[in-house]
Amino acid sequence: MKKNIALMLALLMMASLTACSSSSDSASDTTAAETAAETTAAETADDEESSAAEEDTTAAESAAAEDSDLAYIQEKGTLVVGITDFEPMDYKDADGNWIGFDADMATAFAESLGVEVEFVEIDWDNKILELNSKSIDCVWNGMTLTSEVTSSMDCSNAYCNNAQVLIVPSDVADQYQDTDSLADLTIAVEAGSAGEEVVTELGVATTAVSSQADALMEVAAGTSDAAVIDALMAAAMVGEGTGYEDLTYTISLNSEEYGVGFRTGSDLAELLNTFFSESYADGSMLEIAETYGVQAALIEQ
């Protein structure tokens, strides 16, 4: 009897131990499963955050590229320069190629950026519209840094001095030696130019034409009494040895400076300033200026 009781107690103890072991194993399995699930969830969350961060970075880089004029011109491979026919800054040689101080400098700048240069003749009065619509990438054409220009574009540092001068037939030049003598004249000016601005301020009658070259033609043809154009152009195109030997320039109506205009917010303006500084320092800017006779007008960079 005692042996039976001992055997029964032993069996009960073994059953109890087996149950405890099973319960412990089950709890351990549950804990392991929960830990694995938590780890997977954490890894998934990290992956999602990493993916989101990469998307944000890509979006930021894309936005930066869209805002960068440098990236824009390098992608298309050209720097499109808005100009008019304006000797000695931008004009065509006998082969139809654009040359001039501004044209040569623009070509060199484009090369420094790893792109080709393309010159496009524009209506000077629409230069800001042309720039903002991306028909051109900059305005580089002996452009006076007026308040209208500097408020509508990001401009380079000034690189040339200039003035607006009065052009009249040589045989009447002695009659027009001060601003008071201009009161009864009709003066041809390029629409949207610094010349138009200064003549309008004088209260003198104007005839607006599409370019400074056309303003000279007005005087030569006798359809306007006089013209007001840039001093640098007058020095190249008026007087002995030029196509307008019967015309001359008398008085300067102001003093001004030339700069290059880019779209507002463009990163090209600062790059051009650096290029100007380097070109001035190594003498290449002076060499180009001497080619076109504008060295005396250069501004130190």
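- Contact between Ala215 and Ile229 at its shortest, heavy atoms only, is CB-CG2, 4.3 Å.
- Listed by first and then second residue, the side-chain hydrogen bond (donor to acceptor under 3.5 Å, both in side chains) pairs that reach into residues 191-217 are Ser210-Asp214, Ser211-Asp214, Gln212-Asp230, sequence neighbours excluded.
- Nearest heavy-atom pair, Leu182 versus Leu166, reported as atom, atom and distance to 0.1 Å: CD2-CD2, 3.4 Å.
- Counting only residues at least two apart or in different chains, ring-ring contact (aromatic ring centres under 6.0 Å, His included) contacts with residues 264-284 comprise Phe109-Phe275, Tyr159-Phe276.
- Remark: Glu218 CD to Asp225 CG distance equals 10.5 Å, nearest 0.5 Å.
- Side-chain atoms of Lys127 come within 3.5 Å of backbone atoms of Gly192 as a donor-acceptor pair (strictly under, hydrogens ignored).
- Here the closest heavy-atom approach between residue Met153 and residue Ile128 is recorded as CE-CG1, 3.7 Å.
- A chain of hydrophobic side-chain contacts below 4.5 Å, direct or via other Ile, Leu, Val, Met, Phe, Trp or Tyr residues, connects Ile83 to Phe101.
- Of the possible polar contacts, none joining the Ser277 side chain to the Gln301 backbone as a donor-acceptor pair under 3.5 Å is found.
- Contacts of Thr274 classified as side-chain contact (heavy atoms from CB on, under 4.5 Å), with partners at least two apart in sequence or in another chain: Glu278.
- Summarising the geometry, atom CG belonging to Asp282 is positioned 9.0 Å from atom CD belonging to Glu287; distances are rounded to the nearest 0.5 Å.
- Applying the side-chain hydrogen bond (donor to acceptor under 3.5 Å, both in side chains) definition to pairs two or more places apart or across chains, those involving residues 80-99 are Thr84-Asn141.
- Take Ser181 and apply the side-chain contact (heavy atoms from CB on, under 4.5 Å) test, not counting sequence neighbours, and it matches Tyr176, Asp178.
- Legend: side-chain hydrogen bond (donor to acceptor under 3.5 Å, both in side chains) pairs involving residues 142-155, not counting sequence neighbours, sorted by first then second residue: Thr144-Glu256.
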